[in-house]
Amino acid sequence: MNEQTDVKKLTFKDFETDQEVRWCPGCGDYAILKSVQMTLANIGATPENTVFVSGIGCSSRFPYYVETYGFHTIHGRAPAVATGVKLANPDLDVWLVTGDGDGLSIGGNHMLHVLRRNVDMQIMLFNNEIYGLTKGQYSPTSKPGSKTPSTPMGSVDLPLSPCSFALGAGARFVARGIDTALKALPITLERAKDHKGASFVEIFQNCIVFNDGTFDQFTQKKTAANSQIHAVHGERMIFGKEKDKGLVFNLEKFALEIVTIGENGVKEDDILVHDETNKMMAHMLVELTAPDFPVVCGVIYCNPEESYNDAVHNQMNAAKSAKKADFNALIRQGRTWIVD
Amino acid sequence: MNEQTDVKKLTFKDFETDQEVRWCPGCGDYAILKSVQMTLANIGATPENTVFVSGIGCSSRFPYYVETYGFHTIHGRAPAVATGVKLANPDLDVWLVTGDGDGLSIGGNHMLHVLRRNVDMQIMLFNNEIYGLTKGQYSPTSKPGSKTPSTPMGSVDLPLSPCSFALGAGARFVARGIDTALKALPITLERAKDHKGASFVEIFQNCIVFNDGTFDQFTQKKTAANSQIHAVHGERMIFGKEKDKGLVFNLEKFALEIVTIGENGVKEDDILVHDETNKMMAHMLVELTAPDFPVVCGVIYCNPEESYNDAVHNQMNAAKSAKKADFNALIRQGRTWIVD
Amino acid sequence: MNEQTPAGNFDEMDSVCIRFAGDSGDGMQLTGTQFSVVTALEGSDLSTFPDFPAEIRAPVGTTFGVSAFQINFGSVEVSTAGDEPDVLVAMNPAALKVSLAGLKEGGIIILDEGAFNKRNLDKAGYDSNPLEDNTLDGYQVQKLDITKMTLESVKEFGLGKKDALRSKNMWTLGLVLWMFGRDRKPITDWLEQKFKKIPDVAKANIAAVNAGHAYGETVEVSGELRRYSIGKHEVEEAGEYRTVNGNQALAWGLVAGSQLGDISLMLGSYPITPASTLLHTLSGLKEFGVMTFQAEDEIAAICGAIGASFAGNLGVTSSSGPGIALKTEAIGLAISTELPLIVVDVQRAGPSTGLPTKTEQSDLFQAVWGRNGDSSIVVLATSNPQDCFDVGIEAVRIATKYMTPVMVLSDGYIGNASEPWKLPDINKLEKFPVKHHTDTEDFHPFKRDPETLARPWVKPGTPGLLHRIGGIEKDYDSGHISYDPKNHQLMTDTRAEKIANIANDMPEQSVSLGTEGGKLAVVGWGSTRGAIHQAVKRARAENIDVSHIHIGNIWPLPRNLERLLKSYDKVIVAEMNKGQMNKLLRAEYLLDAYSLTKVTGQPFKITEILDCIREQAGDAS
Amino acid sequence: MNEQTPAGNFDEMDSVCIRFAGDSGDGMQLTGTQFSVVTALEGSDLSTFPDFPAEIRAPVGTTFGVSAFQINFGSVEVSTAGDEPDVLVAMNPAALKVSLAGLKEGGIIILDEGAFNKRNLDKAGYDSNPLEDNTLDGYQVQKLDITKMTLESVKEFGLGKKDALRSKNMWTLGLVLWMFGRDRKPITDWLEQKFKKIPDVAKANIAAVNAGHAYGETVEVSGELRRYSIGKHEVEEAGEYRTVNGNQALAWGLVAGSQLGDISLMLGSYPITPASTLLHTLSGLKEFGVMTFQAEDEIAAICGAIGASFAGNLGVTSSSGPGIALKTEAIGLAISTELPLIVVDVQRAGPSTGLPTKTEQSDLFQAVWGRNGDSSIVVLATSNPQDCFDVGIEAVRIATKYMTPVMVLSDGYIGNASEPWKLPDINKLEKFPVKHHTDTEDFHPFKRDPETLARPWVKPGTPGLLHRIGGIEKDYDSGHISYDPKNHQLMTDTRAEKIANIANDMPEQSVSLGTEGGKLAVVGWGSTRGAIHQAVKRARAENIDVSHIHIGNIWPLPRNLERLLKSYDKVIVAEMNKGQMNKLLRAEYLLDAYSLTKVTGQPFKITEILDCIREQAGDAS
Ligand SMILES: Cc1ncc(C[n+]2csc(CCOP(=O)(O)OP(=O)(O)O)c2C)c(N)n1
Ligand SMILES: Cc1ncc(C[n+]2csc(CCOP(=O)(O)OP(=O)(O)O)c2C)c(N)n1
Ligand code: SF4
Ligand code: SF4
Ligand SMILES: [Mg+2]
Ligand SMILES: [Mg+2]
C-alpha cells in the first residue's frame with residue numbers, strides 16, 4: 001500500500017473517468033454516481049487503494065465511471081469476486097455495486113454468504129424493481145401484478161424485501177437510501193464505509209424507461225416528509241411535515257404503530273428511540289412499507305462483529321508465527337527413507 | 001389424479017421401500033425417516049400422489065427409502081426441481097429433503113426463492129451443522145471455531161440461522177423439530193403439510209460420525225424441559241421442568257427475556273402468548289439460542305398467502321377461458337398476405 | 001396491388017438493401033420493422049438485420065449509441081440482409097460515421113442535415129463536418145433538414161418539441177416509402193391502432209409519414225432522388241405468408257410441437273440477450289397450456305424444466321452462451337435420468353459477456369462436447385426464422401420419443417432477423433402423440449424400448465409405478481443405484497448408442513444447391529445458410545463446380561454425411577467462430593477441409609464466401 | 001535393512017499384489033496405508049489403489065459397503081496397483097463376494113471365518129456358505145477365526161467388545177507383515193503416536209499386531225501359508241524418499257510453485273469427492289502464505305479465486321466433474337480478462353453424480369472445449385502422484401507468465417493412490433519470480449508483451465495504474481469496452497494465438513518407452529500411464545515393436561506431436577472414457593488411431609492393454 005502525500009484534497013471530479021457515461025437520460029444511476037463520487041472525496045479515499053466490483057446490469061456498469069480500480073464481473077457473482085479481492089489484499093477498500101436482479105436473483109446466494117461471513121466491504125444494491133439491462137422483465141423485488149414482457153398478465157410472485165433478506169442473512173450493517181437524495185445518501189455511504197464488515201445499503205433507484213415512478217409514493221419531494229423516516233441512532237422515530245408523527249411499539253398487537261404527538265395524550269417522550277444495535281428493532285423497521293407506514297431510510301442496523309477478512313488474516317498470522325515456512329521440512333514430515 | 005378406494009389405511013410400514021437404508025448406524029436420519037413415514041400414514045397420504053425431491057448429501061438419500069415417487073437430484077438444486085414438479089402437476093404432494101450444505105450453502109439461492117415465491121411443498125432441512133457425505137467439512141451453520149478437515153485452526157465464519165434466513169426470505173411457514181422427537185416431529189410435519197405454500201421445517205439432526213452431540217445442549221432428555229419451548233399458537237410461552245419459566249417482552253431492552261413465574265411478582269398471565277401469525281414475534285423466537293435461552297421448536301410462524309402454483313394456475317385458467325387455443329389463428333394474427 | 005402502386009419513373013431493380021441508422025432514441029428499429037412489413041405485404045422477398053447497442057439508451061449522439069436496421073428485399077430470392085447497403089438513411093453524424101464504411105460505392109445517403117450541428121459532430125468524434133469536407137465524395141447525398149420539416153408537419157397538433165421530434169422517423173419512412181413506390185396504408189393503419197388512446201399522437205405521426213411522402217412527390221428532390229421499383233418475388237408456393245423473426249418462430253414451433261405431441265410445455269428461463277424474446281413470446285401463450293417460469297437464475301430455470309419433465313410435462317429452457325454454460329451440470333442430470341428436455345441456445349459473441357447484442361456461432365463445442373463425463377445429447381441447429389419453426393417441432397418429437405435432452409442452437413442474427421414465412425396449417429402437420437407409461441406389468445424405470453432404447457416415461461400420480469431416480473449410476477435392469485463396474489460400462493455405452501441411433505430416425509443429409517459429388521462443396525450450419533446459398537448460387541452462375549451442404553442436425557450427424565462429404569474433391573467449412581464445425585468433422589470423418597471463419601460479431605457477407613469459393617475452386621482445379 | 005529381516009524359508013518374488021477388503025467400518029484403508037508405508041520404508045517400489053464406497057458408512061455386511069485397498073509392490077518397477085491380486089484378505093462374506101472375481105487363479109485367500117455367519121452371508125447375498133461349497137476351489141484358502149483371535153489377544157486391556165473388535169485389522173496386518181517378512185516397528189511406533197492419549201487402545205492394537213504376527217510364526221499355519229520375500233527395488237536415483245498420494249503431491253506442487261514464483265496462493269474451493277483432500281491439505285499450510293476459502297458453492301469458489309488474482313495473488317480452484325461444470329461461465333471471465341487462474345479437476349466417473357468414488361478420464365472434452373465462445377485455455381494432465389508435484393509447479397509458472405487459466409486434470413485414482421516419491425530440494429528447483437507491473441509509462445491494461453502476448457498484471461493499490469476490466473470485449477490497445485467488429489476478430493485471434501504459442505515454451509513430446517518411429521505406438525494420458533508402461537514393456541519383451549507415448553500437455557499439444565505420431569505405422573489411444581483424446585488427436589492431426597477405451601470406474605489392467613497391443617501388432621505387421 002502506498003503512502004500518499006496529501007498535497008491536495010481530491011474532489012468528486014477527481015473520481016470521474018474518461019469514459020462516457022452510458023445510462024439512459026434521466027436514470028437514477030447518475031445521481032447515485034454523483035453521491036458516491038462525493039462520498040469518496042469526503043472520506044478522502046485514495047484512488048489506487050479503492051476497488052469497485054460489480055456484476056452485470058445497468059447499475060453494474062458503475063465501475064467504468066469511477067476513477068479507481070474496477071472489475072465488471074459476471075452476472076450475480078460480484079460478492080464472490082469481491083470476497084476474493086478483499087481476502088487477497090485486505091488493505092484495499094472494496095465497494096460492490098449490484099442490482100436487484102444481479103444481487104438478489106441470480107446472485108442471491110453470494111449475497112447471502114458475503115453478508116453472513118461479514119466480509120469488509122460496502123455493498124450498494126441499486127433496487128429499481130426491474131431488470132433494466134435486459135429490457136424490463138420483472139425482478140424478485142417487483143411489485144405483485146407487475147406487467148412486464150415476461151409477465152403479460154402480471155407477475156404472481158411475492159416480492160423480496162432486500163433489507164429483510166439482509167437481516168435474515170446475518171448482516172451487521174443495514175441501511176437504505178434514495179437515488180436523488182444527494183445530501184442524505186453520502187452520509188449513509190460514509191457510515192457504511194466506516195463500518196468494518198459487510199455494509200448493506202439498499203438504494204431506491206428509479207428506472208425511467210422500464211419502471212418509472214415505482215417509488216414515487218415515498219420519494220416525491222412533496223410527500224417525502226410524511227412518507228419517510230430518516231433513522232438516526234439515539235433519536236426518536238419522529239416524522240411528518242409537522243414533526244408530529246412518531247412510531248411506538250404496541251405490545252398488544254406486538255407491532256409498531258403510528259401515533260400523533262399531542263393526540264390521545266401521546267407525548268414526544270413516548271416515541272421510540274432508534275437503537276441501531278437492536279436487531280429486533282431493525283426487523284420491525286425494515287418491514288414498514290408505504291403507504292401505511294413511512295419508509296425508513298438511513299442506518300437501520302449497525303452492530304459490528306469481527307470481519308471475515310480480519311479473522312482469516314489473524315489465523316494466517318497465527319500460523320506464520322507458530323510455524324516456520326520450510327518447504328523442504330514440510331515434505332519430509334512423517335516417514336521417509338534413504339536410498340543410496 | 002386418481003381415485004383411490006380407501007379399503008385399507010396405510011401404516012408407516014407401507015412407506016418403506018425395498019432398498020437397504022445406507023446411513024451410518026446411529027445417524028439421526030433414521031429417526032426422521034421414521035417420523036416422516038408415520039406422518040404419511042397419519043395424514044393418509046396416497047403413495048402415487050406423493051413425491052420426494054432431494055439434492056445431494058447423506059440426508060438427500062431420503063427419497064430412496066420412501067415408497068412414493070422420488071427424485072434424487074443434484075447438489076443444491078432440489079428446490080428448483082421441486083418447483084418444476086409442483087408447477088407441472090399441482091395435484092402432487094411435494095416433499096423436499098435437504099441438508100444444511102445442500103439447502104443453505106450451494107442451494108441457498110433456490111431455497112431463498114422457493115420460500116419467497118411460496119411454492120406449495122414441505123421443505124425439511126436436516127441441519128447437522130456439517131457436510132456429512134463429503135466427510136465432515138464445516139457448513140454455513142457450523143458453530144464458529146469448528147475444527148474440521150478444511151478448517152484445521154477452527155472455522156471463522158459467522159453461522160447462519162436457518163429459520164432467521166427463512167423469515168428474511170419471506171417464508172410464510174417456519175417450524176423446528178428434533179430428529180429423535182418421534183412424537184413432536186410428526187405433529188409439526190402434519191402442520192407443514194396442511195399449510196398451503198412453502199413450509200420450512202428445520203430439523204436438528206445429529207451426525208454421529210462427524211459432529212456428534214452438537215445439539216446436546218438442548219436435545220438431551222434430561223435438560224430438554226429447561227432448554228426447549230414447544231411453541232403452540234394461542235398458548236403462553238412457558239417452559240421448564242417446573243413449568244415456571246416463561247418469556248416476556250422487555251420494552252426497555254426491546255427484547256425477549258426469561259422470567260420465573262412467582263418471582264418478582266410475575267404471574268402466569270404476564271407470559272407472552274404465542275401468535276404464530278405475528279412475524280415480529282417469529283423473528284424474536286427464532287433468534288433465541290442455547291444456553292442463554294430455550295430453543296423454540298414447533299410451529300413458530302404460519303401466516304398463509306396464496307401459493308405460487310395456485311397463482312400460476314389461476315392465470316393459466318384465466319387465459320384459457322379468455323382465449324381459444326387456436327394455433328392456426330395465432331400465427332395468422334397481425335399482417336399476413338396471400339401469394340397465389 | 002393497390003392503387004398507390006407507382007406509376008411514375010421508376011428504375012427497375014432485382015433487389016435493394018437499405019440501412020436505417022440513427023440514435024438509440026430515434027426509433028430506427030420501429031422504422032425498419034414497419035418498412036419490412038409493407039415490403040412483405042407487397043410481395044417482395046426480404047431479410048432483415050437489426051443491429052443495436054448493448055446499452056438500453058446510450059447517451060444521445062454517440063457512436064456507440066447508434067442503432068441500425070438493415071433490410072434487403074427483392075423480386076429475386078434474397079437470403080441475407082445484404083452485404084452492402086445501397087441506401088443509407090442516417091439520422092445524425094454518429095450514424096453516418098458508423099455506417100459509411102459498409103455502404104456500397106456510389107450508394108445513396110439520405111441524412112438529416114438538421115442534426116449535423118457542432119454538438120452532435122463532436123459527440124460523433126468528427127473533427128470537421130463531413131457534409132462540408134470531402135468525406136462523402138463518391139456517394140449520392142441527399143441533405144434534408146428532416147428535423148425542421150418534421151416539426152413543421154406536426155405543428156398543428158400542438159405537441160411539445162420533444163414529442164414532435166419523435167415523429168422524425170415517420171417522416172423519413174414516408175420519404176422512403178415514396179422512393180420505392182410503397183403503400184402507406186398499412187403504416188397509417190398501424191399508427192391509428194397503436195395510438196388509439198392518444199389520437200393527437202396518431203395524427204401527428206400520420207401527418208409526418210404523409211409529409212415525408214409528399215416531400216418526395218414535390219419538385220424539391222425530383223431529378224436528384226431516383227425512385228426504384230422492386231417487383232414481386234415469384235415464390236414457388238402459393239399460400240398465406242407473414243414476416244416472422246427467429247425467436248418468435250422458434251417459440252411457435254415449440255408450441256406446435258407440444259400440440260402435435262399432445263404434451264404440455266413448461267419453459268423455465270432467465271432473461272438474457274438475445275434469447276429473452278423467446279420467454280416473452282411463450283409467456284403470452286398460456287391458453288395453449290404453455291407455462292412459463294421466470295426463474296431466479298439459469299440453473300433454477302433448467303432444474304425447473306427438469307422437474308416439469310419428471311412430472312410428465314415437457315420441460316424447455318432457453319438462454320444464450322453464458323447462461324447455457326451455467327446449465328452444464330444440470331444437463332448432466334437430464335442425461336443421467338434420461339428425461340426429455342429442450343435447451344435452446346440463442347448464441348451471441350463470446351467468450352464471457354462478450355458482445356451481447358452481436359451474433360456468433362461459437363457455442364458448438366459447448367453444445368456437443370461441453371460436459372463432464374461421457375454425455376451425448378442431441379444437437380439441432382436452426383438456420384433462419386422459418387427453419388426455427390420446423391426445428392422447434394423436431395426438438396419436441398425427438399426429446400419425447402427418445403427421452404433425451406435436445407439442444408437447439410440458434411443465434412442472435414436468426415433470433416432478431418425477420419423473413420417472410422409461408423404459414424403452415426397445423427392440422428396438416430404429422431402428429432406424434434406422447435404416451436406416458438401406465439402398464440404396471442414388469443415395470444422398471446430403466447427398462448428400455450428395444451428399438452429406441454428410450455426408458456419409459458411415467459407421470460407421478462400413476463398408481464403401481466412408484467419409483468425413484470437420480471443422477472447416480474443406475475442398474476441397467478432395475479434402475480436401482482449401482483456401483484458395479486460392468487454395469488457402468490454398459491450404461492455408458494447404451495446412453496451413447498441411444499443418441500447415435502437417432503440418426504436413423506432423421507433425414508439423410510441433402511445437397512441444398514448443386515450436385516452430389518463434384519469439385520467443391522461449401523459446408524455450413526446455422527445462420528450462415530443464406531449467405532452461403534447466395535455465394536454458391538453466384539459461383540455456379542460463374543460456372544464454378546461448387547455445391548452447398550447445409551447441416552441442420554449437428555449431433556448425431558446425418559448417417560450419410562461422411563460419404564457425401566467425401567464425394568467432393570474439396571470442402572470448405574464456413575462458420576462464424578474459429579472453426580468448430582470443421583474440428584467436429586475432422587474428428588468424426590478425418591475430413592481435411594478448408595476452414596473459412598469470421599469472428600466479428602457480424603454475419604458473413606456473400607462476397608466473403610464467394611471470394612473463398614473462387615480461390616478454393618482455383619486451388620481445387 | 002534391520003534385524004527383523006526375514007531369514008527363514010522365503011519364496012523370492014519380483015512383485016506381489018495384495019488386496020485388503022472388508023466392511024467400511026473394518027479399517028481397510030488404514031491397514032492398506034500402513035502396509036504401504038512399511039513396504040516403502042523397506043525399499044520396494046509400490047503403487048496403491050484405494051477403492052471405497054460413496055456412503056460414509058453403508059450398512060454393515062452389505063456388498064455395497066465393501067471398502068478395499070490394493071497394493072502392488074516389488075523389487076522391480078511396479079507402475080500400477082496390479083491387475084489381479086495374488087493375495088486377498090477378506091474380512092467378511094461381502095468382501096469375498098465382491099473381490100473374488102478379480103483374484104488371480106490359484107491365489108491366496110485369507111479370510112475371517114468368524115465373520116461367515118448366517119446374518120453376514122445373507123447380507124452379502126450368498127445362498128450357501130462359500131466356505132462350504134465349491135466356490136473357493138482352485139484357491140489357496142486360509143480360514144482363520146480372526147474375530148476370536150483378536151478378542152483373545154486384546155483381552156487383558158479390558159476394552160468393550162465393540163472396541164476390541166476394532167483391532168481385527170491390526171491382527172490381520174500383523175499376519176501379513178509376517179508373510180512378507182516385514183518390520184513391525186514402524187506400525188507399532190505409529191500406533192503409539194496415534195493413540196498417545198488413550199494408551200490402552202495403543203497397547204491393544206499393538207498386541208493385536210503382535211498376535212497376528214505370532215500366529216504366523218507358530219506351527220498352526222506353517223506348511224500351509226508360505227512366506228514371500230520381495231527384494232529392494234533398485235531405484236535409479238539415490239536420495240530421500242517418502243510415499244505420497246496425488247492430491248497431497250499436487251497441493252505441495254502448487255505451494256512449491258507459489259514459492260518459486262514468489263506469489264501468494266489463494267484457493268477457493270467447495271468440497272467434493274475425490275477433490276476435497278486438496279482443500280484439506282492446503283488449508284493446513286497457512287504458514288506458507290496459502291489462504292483457503294471454503295466457498296458457498298463452486299461458482300463462488302472460482303469467483304473468489306478470480307478476485308484474488310485480480311488483486312494480485314494467484315487464484316486456484318479445485319473440484320471434480322460436476323463442480324467443474326458449474327465453473328464454466330466463470331472460466332470464461334478469466335479468459336476474457338486474461339487473469340492467471342488454476343482450475344484443478346480431479347475427475348470421477350460421470351455423467352452427473354455418476355460414481356463419485358470411482359475413477360474416469362471423461363472430462364477431457366469439458367476441459368479443452370467445454371465453454372461458450374471461442375475460449376482456449378491451457379490444459380495439463382497429471383499421471384501419477386509424483387508427477388502431480390511437477391505439474392503443480394508448471395501450472396503456476398504458465399498461469400502467471402501468460403496471464404491465463406490453466407486446467408489441471410487429475411483423477412480419483414491418482415488423487416488417492418500412493419507411490420514412493422524422491423523428495424526434491426526446493427532450493428534446487430528453478431525460480432520464476434512473478435513481477436507485477438508497476439511502470440506507469442504508456443500503460444494500458446491490455447497492452448501485451450510482444451513475446452508472450454500476456455497483458456500486464458497490475459496489483460490494485462499501485463498508483464498511476466488505475467484501470468477497469470470486465471467480461472465485455474475490449475479494445476486491443478486501450479482495453480476499453482469495444483463493440484468494433486474488426487477488434488473482436490483481432491482479440492479472438494490473439495487470445496487463441498497466445499495459448500497456441502505456449503507450446504513453444506513447453507518441452508517437445510518424448511517417447512516414454514521404445515523408439516521414435518516404428519510399427520506401433522500406444523498413446524495415453526493421465527492415470528493410465530503406469531498400466532500402459534507395463535504393457536508396452538511386456539510387449540517389447542515379447543519382441544513386439546511398440547512404443548509408449550505419454551501426453552502430459554493436453555492443450556496446447558506438444559509442437560512435435562503430430563510428426564511423432566505419424567512416425568508410427570499404427571497408433572493405439574488408450575483412455576478411460578469413450579475415446580475423447582482419440583477424437584482430439586483426430587481433430588488436430590487427422591490421425592486415424594485405434595481407440596482402446598474402458599469406462600467401468602476402474603483403472604486399466606496391464607493385460608487389457610497388452611492384449612490390445614498384441615492384437616494391433618498382429619494387424620500392423
Ligand atoms: C449468466 C447471465 N444471465 C443473464 C444475463 C442477462 N442479464 C444481464 S443484466 C440482467 C438483469 C439486470 O437486472 P438488475 O440486476 O436489476 O440491474 P439493472 O439493469 O436493473 O440495473 C440480466 C438478466 C447475463 N448477462 N448473464
Ligand atoms: C456440484 C456438487 N458439488 C459438491 C458436491 C459434493 N457434496 C455432496 S454432498 C455435499 C454436502 C453435504 O452436506 P449437507 O447438505 O449438509 O448434507 P449431509 O451429508 O450433512 O446430510 C457436498 C459438498 C456434489 N455432489 N456436487
Ligand atoms: S434501463 Fe433503466 S436502469 Fe437501465 S440505464 Fe435506462 S433508466 Fe437506468
Ligand atoms: S456421515 Fe453423519 S449424517 Fe451422514 S449418514 Fe453418517 S452419521 Fe448420518
Ligand atoms: Mg434492477
Ligand atoms: Mg449437513
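Each chain gets a letter, A, B and so on, in the order its sequence line appears, and its residues count up from 1.
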Asker: Can you find a heavy atom in the side chain of Leu251(A) that is under 4.5 Å from one in the side chain of Leu251(B)?
Answerer: no
Asker: To the closest 0.5 Å, what do you measure between CZ (Phe249(B)) and CZ (Phe249(A))?
Answerer: 4.5 Å
Asker: Flag the pair Leu112(B) / Asn109(A) as yes when at least one side-chain heavy-atom distance between them is below 4.5 Å, and no otherwise.
Answerer: no
Asker: Examine whether an atom of Leu104(B) lies under 4.5 Å from a heavy atom of chain A, and if so say whether it belongs to the side chain, the backbone or both; otherwise answer neither.
Answerer: backbone
Asker: Pick one of side chain, backbone, both or neither for Lys279(B), based on which atoms fall under 4.5 Å of a heavy atom in chain A.
Answerer: side chain
Asker: Does any backbone or side-chain atom of Leu272(A) lie under 4.5 Å from a heavy atom of chain B? Answer side chain, backbone, both or neither.
Answerer: side chain
Asker: Might you confirm whether atom NZ of Lys147(B) has over 12 heavy atoms from other residues, nucleotides or ligands at distances under 6.0 Å?
Answerer: no
Asker: Does a sphere of radius 6.0 Å around NZ in Lys196(A) hold more than 12 heavy atoms from other residues, nucleotides or ligands, not counting ones at 6.0 Å or beyond?
Answerer: yes
Asker: Pull out the residues in residues 314-321 of chain B that come under 4.5 Å of chain A, heavy atom to heavy atom, sorted by number.
Answerer: Gln315(B), Ala318(B), Ala319(B)
Asker: Could you check which of Pro159(B), Ser105(B), Ala166(B) has the highest count of heavy-atom pairs closer than 4.5 Å to chain A?
Answerer: Ser105(B)
Asker: Of all of Ser161(B), Ala169(B), Pro140(B), Ser164(B), which one pairs up most often with chain A through heavy atoms under 4.5 Å apart?
Answerer: Pro140(B)
Asker: Side chain, backbone, both or neither: which part of His283(A) has an atom under 4.5 Å from a heavy atom of chain B?
Answerer: both
Asker: Is the closest side-chain heavy-atom distance between Met280(A) and Met280(B) below 4.5 Å?
Answerer: no
Asker: What pair of heavy atoms forms the shortest contact from Leu160(A) to Gly168(B), and how long is it?
Answerer: CD1-O, 4.1 Å
Asker: Please answer whether the main-chain N or O of Phe254(A) pairs with a side-chain N or O of Asn278(B) as donor and acceptor at a distance below 3.5 Å.
Answerer: yes
Asker: Going by the rule side-chain hydrogen bond (donor to acceptor under 3.5 Å, both in side chains), which residues pair with Tyr308(B) if we only count those two or more places apart in sequence or in a different chain?
Answerer: none
Asker: Report, in residue-number order, which members of residues 79-87 of chain B are under 4.5 Å from chain A by heavy-atom distance.
Answerer: none
Asker: Keeping to residues at least two apart or across chains, list the salt bridge (charged side-chain N to carboxylate O under 4.0 Å, His left out) pairs with something in residues 150-176 of chain A.
Answerer: Asp157(A)-Arg116(B), Asp157(A)-Arg117(B), Arg176(A)-Glu202(A)
